[in-house]
Amino acid sequence: MLQIGDADLESEKAKARMHMREMDKAFDFRTAQTRWYEQWEAAKAFEAAPHSGKEPWSIVIPPPNITGNLHMGHALVNTLHDVLTRFKRAQGFDALWVPGTDHAGIATQMMVERQLKAEGTDRHQLGREAFEARIWAWKEKNQGAIEHQLRRLGCSVDWTRNRFTLDPSLNKAVRKVFVESYKAGRIYRGPRMIQWDPALQTALSDLEVKYEERRGKLWYLRYPLTGGPVNGVADVVVATTRPETMLGDTAVAVHPDDERFQGMIGKLLDHPLTGRQIPVVADSFVDPAFGTGCVKVTPAHDPNDFAAGQRLGLASITIIGFDAKMTAEAGAYAGLDRFEARKRVVADLEEQGFLVKVEDYVNKISLSDRSGAVLEPLVSEQWFMDVKEAAAKALEAVNTGAIQFTPEHHAAVWNHWLTHIQDWCISRQLVWGHRIPAWTCAKCGELHVEMEQPSACCACGDEQLIQDPDTLDTWFSSALWPFSVFGWPEQTADLRRYYPTSVLITGYDILFFWVARMAMAGLTWMGEVPFRKVYFNSLVRDASGQKMSKTKGNVIDPLEVMEEYGTDALRFSLAIMAAPGTDIAMSTARLEASRNFCNKLWNASRFVQINLDDSITLATAPEFGEAEFWLIKQLRDTLAAVTKALEEFRFHEASDLLYHLVWDDFCATYIELAKVQLLSGTPGQKAAILHFLDILLRALHPFVPFLTEDIHEAVIAQRLPISEPALLALRAWPMDEAILQTNGGDPTIIPRFQEVLSGFLRLKAEQGVDPAKRVPAFCSLAELEPFTEALKSIARLESVTFTKDELATPTRTVGVVAGGILALELAGLKDPVAEKAKLEKELAKLEKELEPLRARLADESFVTKAPEAAVAKLRGQSEEKEQRLAQVKALLG
RNA sequence: GGGCGUAUAACUCAGCGGUAGAGUGCUACCUUCACACGGUAGAAGUCCCAGGUUCGAAUCCUGGUACGCCCACCA
């Protein structure tokens, strides 16, 4: 009988029934993972809803490089983003995940330059404009790839808010920050010692330097005192790892307190190869214990020497140029490569008797993180940013908890780095990037730093202004990402609503490059942290824990994994292994386990579908028995734990809980029990299992969206009330579902049933009885009588008799469970030897288990000092085991 | 030279003050009407070492050892 109000629902169901789909025997992930993304997008399922009245929740993607392909690290970080975003969306937040890509200055330019080289040309031949156009064309072609891969992964990003770090609006943000920082004195230009990459022909920041230990030499060089020996000492000896730089020496330094050289300070030395005279100076940067205690000072080519030169007012002679070749200042060595010059200098010194000795020495050399070239410290005119003030704010934000880290230990590194932070070299001699908004007057040299190019020089009025050719470090624009994506510097509605973002998820390898700089920029320009929480995701390694690398050939490509095991299996594997603070060892075994799990959920759903008929919907009133009450409690407890785990970024715990909820509770226990009821099931029983599946699908959806959406379509969609969205991606997190608040039944009955069931199965196995052989069974636990049919069917028994009578007879095998005895009538099948051995083994096992329990309960200090609950628990366990022991003893006679 | 992390079953990893867990693998058995990408029963661990705190420690503290990572201007 239909109620009037059900008419709509009825017609809706009729419509849906036409699309009803029978489920295949196995989950076809290849079809499912390509079917749904378009439908989600078409339904605008991932678009932010600023006017919804919901509470906003936002996250911004760590923008992948446009040069990049999706690797396992991306798969992990984006899976975790998606799990959280879908979870928050389901919880009823206006969840916004902003996607985007990074222009990745150096990496991208290198990529295109490599192409040019293959074509036999280069960027200089092409000219700046044509080269830049070429990179843009390349970007247009490649950007789609990474975006396609994010769709393949199922990322629920809001594509209407897609951003690129070189977008005009982001460029405006960059210019504003640059200009205002300059005017505030926090950005300045000047000659400083920087790390120069001779291969890429650009300056780098200190962070882009990698140190590598190499076996080298320590050369000891003799510098004679001008005018002959003093007090019998004819010369000083210095030790160096870079003898070629001696051509640029302008002093030799000793420690001011070093008694050995007191008489030398202020004296002049004859430079062995150039004939220049250089002074002996005193500075405390010298370590008297190292080498000879004397250091050659080359202010133009060593950061330490540069600083010492500044302190002491020493001259600076540049003998190595930007091309890493010796300059004219190097005299006879001019034009030589720096390493060739080293050999020649050493040979000449040796020949002329200035080389005292050579030792083997392991030293750290600085390499370019990008090109791998040996860097050359050079004095160069560059732009710098003074970040001390911002660093103090970022430091405070973490210390006060305004930004919370997971895992927390990263705060220690954060504190150290921000406390010792140096000015940041932000200019790069690259074409691809944000052009520095500074113009120099061609006539008078006046510098203009403005948002737009000035029409004329403010000093002389000349109209010929030349823009600085350099671009900014890629990370300069990345630092502004959490507010530039929302339209800053315009005060947009998005900016007001979604800043600060709720959480940042990223790798700890870019803690300084990105996280710290975002914190500094956010605090400086928005006056508020850019994110309240930071979750540092793990590193994905190969199955044996090795770092993946192309050279090792152990790289696992996520796209291949998605083809072989399914996107959902990949996502679930990553999530279940993502324990905070530990690396992930990605293995095929784990992927197989996840794939099997997906298939398990699929087949459990298929079972539900087979057992339902069209009349059963989510509006059908469910009926609950013991099994249902038990499962409801499992669902309720697990969902509460999953929710808490996700709030605290314990993705592995959340997914592990759901895994066992589905496999152990729903499939292994509940469905097995339900099979007995559903054969002749009432609509209420069928409605109950439909509800349970619906809840499971909603809980699993953030982890395995394609699988669950596919099942939802096949089983749930046509049974929904019309008010519910037909897409699972739009449905609510099930924790507060009314059905889950139901209580009833005896919560201990199902666990007892499980013990008895497995007890019967064990008795059969122990006696070597064919599992299919149906024998009569007996049980002393009368309260399990309602489960007679389930026991008979699952353990395949002929009958189950519940009785208080003596169960042990000569023809039966007997076993002990908590509070009772089980028996199987085996007649001629019984093996008395095996029976006795089994009972003796059981006896020994119980004795062994009881030993520590008895000892602890006999321990006076434990009983008096331990909390009562702990003692009571132990006592309960002990009593239960003692009881079993007594039973076993009785059975043995 | 500093700082941090990790050491648990054959493998990869959870757990982090109250009787050792998962996945995979292994052994034996089962094609029972959702699933062999399945089911049942099992075997398997001085929780790196040594001290300490505690009634009780894989879990907290101290000191080692072994791996791994980050930072730092010893030429």
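Throughout, a chain's letter reflects where its sequence line sits, starting with A, and its residues are numbered from 1.
- In this structure, A:Lys364 reaches the bases: a heavy-atom distance under 4.0 Å links it to at least one base atom across the strands shown.
- Residue-level contact check: A:Cys598 touches neither bases nor backbone, having no heavy atom under 4.0 Å from any strand.
- Among the heavy atoms of the strands lying under 4.0 Å from A:Arg762 are primed sugar atoms or P, OP1, OP2 only; no base atom is included.
- Using a cutoff of 4.0 Å between basic side-chain nitrogens and carboxylate oxygens, A:Arg884 and A:Glu755 are scored as salt-bridged.
- The pair A:Arg774-A:Glu798 does not meet the salt-bridge criterion, since no charged nitrogen lies less than 4.0 angstrom from a carboxylate oxygen.
- Map A:Pro771 and A:Val608 each onto its nearest nucleotide of RNA chain B; the residue landing nearer the 5' end is A:Pro771.
- Among the heavy atoms of the strands, none lies under 4.0 Å from A:Arg242.
- At the heavy-atom level, A:Val238 lies nowhere under 4.0 Å from the strands shown.
- Using a 4.0 Å heavy-atom distance criterion, A:Tyr659 is classed as a sugar-phosphate-only contact.
- Residue A:Glu672 is the one, among A:Asp302 and A:Glu672, whose nearest nucleotide of RNA chain B lies closer to the 5' end (criterion: closest heavy atom).
- Note that CG of A:Asn363 is 10.0 Å distant from CZ of A:Arg242, once rounded to the nearest 0.5 Å.
- A:Lys25 comes within contact range of the sugar-phosphate backbone alone, with a heavy-atom separation under 4.0 Å but no base atom that close.
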Polar atom pairs (N or O), protein with nucleotides 13-17 of chain B, under 3.5 Å:
unit_1 : atom_1 : unit_2   : atom_2 : d
B:A14  : OP1    : A:Thr582 : OG1    : 2.2

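- With respect to A:Arg214 and A:Glu212, a salt bridge is recorded, a charged nitrogen being found less than 4.0 Å from a carboxylate O.
- Atom C1' of B:G3 sits at a distance of 44 Å from the matching atom of B:A43, rounded to the whole Å.
- Taking the side chain of A:Val413 as heavy atoms from C-beta on, and the options B:G18, B:C37, B:C70, the nearest nucleotide is B:C70.
- Across the protein-nucleic acid pair, A:Trp514 atom CH2 and B:C70 atom P stand 20 Å apart, rounded to whole Å.
- Using a 4.0 Å heavy-atom cutoff across all strands shown, A:Trp663 reaches sugar-phosphate atoms only and no base atom.
- Out of B:C4, B:U19, B:U24, the shortest distance to the side chain of A:Ala593 is found at B:U24.
- Straight-line distance between the C1' atoms of B:A14 and B:U8: roughly 10 Å, to the nearest whole Å.
- Proximity of a side-chain donor or acceptor of A:Asp302 to a complementary backbone N or O of A:Thr298 within less than 3.5 Å is not detected.
- Taking a cutoff of 4.0 Å between a charged side-chain nitrogen and a carboxylate oxygen, A:Arg875 and A:Glu882 do not qualify as a salt bridge.
- Note on A:Pro867: a base of the nucleic acid sits closer than 4.0 angstrom, heavy atoms only.
- We find that A:Arg260 and A:Asp258 are joined by a salt bridge, their nearest charged nitrogen and carboxylate oxygen being less than 4.0 Å apart.
- Of the possible donor and acceptor atoms, one in the side chain of A:Thr419 sits under 3.5 Å from a partner among the backbone N and O of A:Asn415.
- The residue A:Arg606 sits close only to the backbone: its heavy atoms come under 4.0 Å of sugar-phosphate atoms, none of a base.
- Residue A:His410 is classed as having no contact, given no heavy-atom separation below 4.0 Å to the nucleic acid.
- Residue contacts for A:Phe572: at a heavy-atom cut-off of 4.0 Å it reaches no nucleic acid atom on any strand shown.
- Side-chain proximity of A:Ser861 to the nucleotides B:A41, B:C55, B:C37 is greatest for B:C55.
- A:Ser758 comes within 4.0 angstrom of the backbone, heavy atoms only, and of no base.
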